[in-house]
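Below: one structure, written as structure tokens.
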Protein chains: 2
Amino acid sequence: MPAPATAPRSARLHETRCQTCSLSSLCLPLALELSDVDQFDAIIRRRAPLKKGETLFRQGEAFTSVFAVRSGSLKQLASEGNGEDQLTNFYLPSELVGLDAIDDELYPGTVTALETTTVCEIPFDRLDHLSEQLPELRTQLFRSMSKEMRDDRRMMRLLSRKTADERLASFLIGLSNRFRRRGYSAYSFRLSMSRADIGNYLGLAVETVSRILGRFQQQQLVSVAGREVNILDLSALESLAEGDGCL
Amino acid sequence: MPAPATAPRSARLHETRCQTCSLSSLCLPLALELSDVDQFDAIIRRRAPLKKGETLFRQGEAFTSVFAVRSGSLKQLASEGNGEDQLTNFYLPSELVGLDAIDDELYPGTVTALETTTVCEIPFDRLDHLSEQLPELRTQLFRSMSKEMRDDRRMMRLLSRKTADERLASFLIGLSNRFRRRGYSAYSFRLSMSRADIGNYLGLAVETVSRILGRFQQQQLVSVAGREVNILDLSALESLAEGDGCL
DNA sequence: CGGCAGATTGAATGTGGTCAATAGCCGTGG
DNA sequence: CCACGGCTATTGACCACATTCAATCTGCCG
């Protein structure tokens, strides 16, 4: 049901353009000339906001689009075989969702909103085609994918070599950095995900997450109240995250 | 030092072309028309074979090229901070090395040959530029990266949820599949990596790898003699790898 | 105010790591 | 050809970290 020519106020909300988006310096069009942004903007489809718990797409659905997060946050869950679900990623504003579906043209996980979340839908065939004419866009796309690969490697290192304490510390540092880059406080933020999500993501039991957050609080590294986090000693947390504990 | 017009025998070895490469159906030019393969072929640089233990590039070096493995195998090691090295990947023939370096234009790990190995060097700027004219090449490149991301997610699941037994089983199954796709036996192959490499990759101690391989042998799942592996009960190994142990 | 999911805390268990010793493999050189 | 040295692999004993199970507590929405 496409919006009529004279859209009502509710539809206007989704008419925002890349040119006016505060994330444009982090998002795909980051390297584009103003005239090119117009072209890019033209292929974007705005979406009605997702409410908490609503899914953007489900595992196994046909891949058609990648999505740029505009506000809010999402998680990606992959259930494989009879095993439990694995939380493979959290997505924050300006990040691209769905790049891992290009190869076999099926989304490899279910992506769900952790809070009220708005995304821009970017049909991939049009993105691909546009990337032919706009080398900067193509480069940015390659970079996004490459970066995600690098982040994955970092995650593998976390999962295979780090202790539970180091994982939690890394997780908090990672969030802090991502918030900072997006213009939010690096020291004070709200976790949009549950302890269970954190545990699932980090390969830890919920109880372990809880215990360690408690311990961090005792050690004056952070103060945690429910989902509100305050980082009290960033550098200590950083050295913990890098496994400097044995120094 | 480019080869003279009439190249000596030793240089001829590296003149092989994509058109005659037995891997062409798995490698990047997979989807190209014959005429387009010529263009692709023209940007490839053949390399002298790497001997066991020689490095293709080191962590932190400037990114210039991706590499397609032609024969042999490699490992990628990333050392972060003061921590130990993390083995992030093994590369087999037809696979692309270096895609994770695009974003920050530095190789994020050191890649080393596990045995005598030949690779094709593909300067990335020329690849990128060619992908503008050849949509199929671009698609294939996107797919390769997307696939690597998917594989990384699978690896994360392995590292965060699977037991040591399941990891080893998954590892053997994965190798078996990769060998099969390349036309080698899925049941009988030689590990080009040491136990230490396997352990590092799977997030296990060497001793654990050794123990579990021994146990698998007792259980008649495989027979292992040094680096020679024979898979005796593929389906049992597969169900083990998927964590069906509790069924 | 009640109900329920999410979060915390405690005690017991087990998987895999560490340390240490031994055994096997392979290339080198006598 | 065999002996030696170094490295890789195997095996064993012990220990620790994180999981599991279970109970309790907190906060939130109806």
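Proteins come first, then strands; the chains are lettered A, B, ... in the order of their sequence lines, and each starts at number 1.
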Which atom pairs, one a donor and one an acceptor, fall under 3.5 Å between side chains of residues 213-225 of chain B and the rest of the protein, sequence neighbours left out?
from, atom 1, to, atom 2, distance (Å)
B/Arg215, NH1, B/Asp165, OD2, 2.5
B/Gln217, OE1, B/Val224, N, 2.8

| said: Base contacts versus sugar-phosphate-only contacts with protein, heavy atoms under 4.0 Å: please encode nucleotides 7-13 of chain D as B, S and - from 5' to 3'. | reply: --SBBBB
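With no hydrogens or angles considered, a side-chain donor-acceptor pair links A/Arg182 and A/Ser94 at under 3.5 Å.
The ring-ring contact (aromatic ring centres under 6.0 Å, His included) test applied to B/Tyr107 returns B/Phe57, B/Phe63, not counting sequence neighbours. Among residues two or more places apart in sequence or in another chain, the side-chain hydrogen bond (donor to acceptor under 3.5 Å, both in side chains) test is passed with B/Thr88 by B/Gln76. A/Phe179 pairs by the ring-ring contact (aromatic ring centres under 6.0 Å, His included) definition with A/Phe189, not counting sequence neighbours.
B/Glu166 has no carboxylate O lying under 4.0 Å from a charged side-chain N of B/Arg161, or vice versa, which leaves the two without a salt bridge. Using a 4.0 Å cut-off between a side-chain N of Lys or Arg and a carboxylate O of Asp or Glu, A/Glu115 and A/Lys52 do not qualify as a salt bridge.
Direction change of the helix axis from one end of the helix from C/dC1-D/dG30 to C/dG30-D/dC1 to the other is 30°, with five pairs defining each end axis (rounded to 10°).
In this structure, the NZ atom of B/Lys162 is 20 Å from the C1' atom of D/dA18, given to the nearest Å. Distance, B/Leu204 CG to C/dT18 C1': 14 Å, rounded to whole Å. Atoms CZ (A/Arg215) and C1' (C/dA7) sit 17 Å apart, rounded to a whole Å. Look at CD1 on A/Ile212: it is 11 Å from P on D/dC17, rounded to the nearest Å. One interatomic measurement links the two molecules: CD of A/Gln217 to P of C/dA7, which rounds to 15 Å at whole-angstrom precision.
Using a 4.0 Å heavy-atom cutoff across all strands shown, A/Gly203 reaches sugar-phosphate atoms only and no base atom.
Looking at every heavy atom in both residues, B/Leu96 comes nearest to B/Tyr91 through O-CE2, 3.5 Å.
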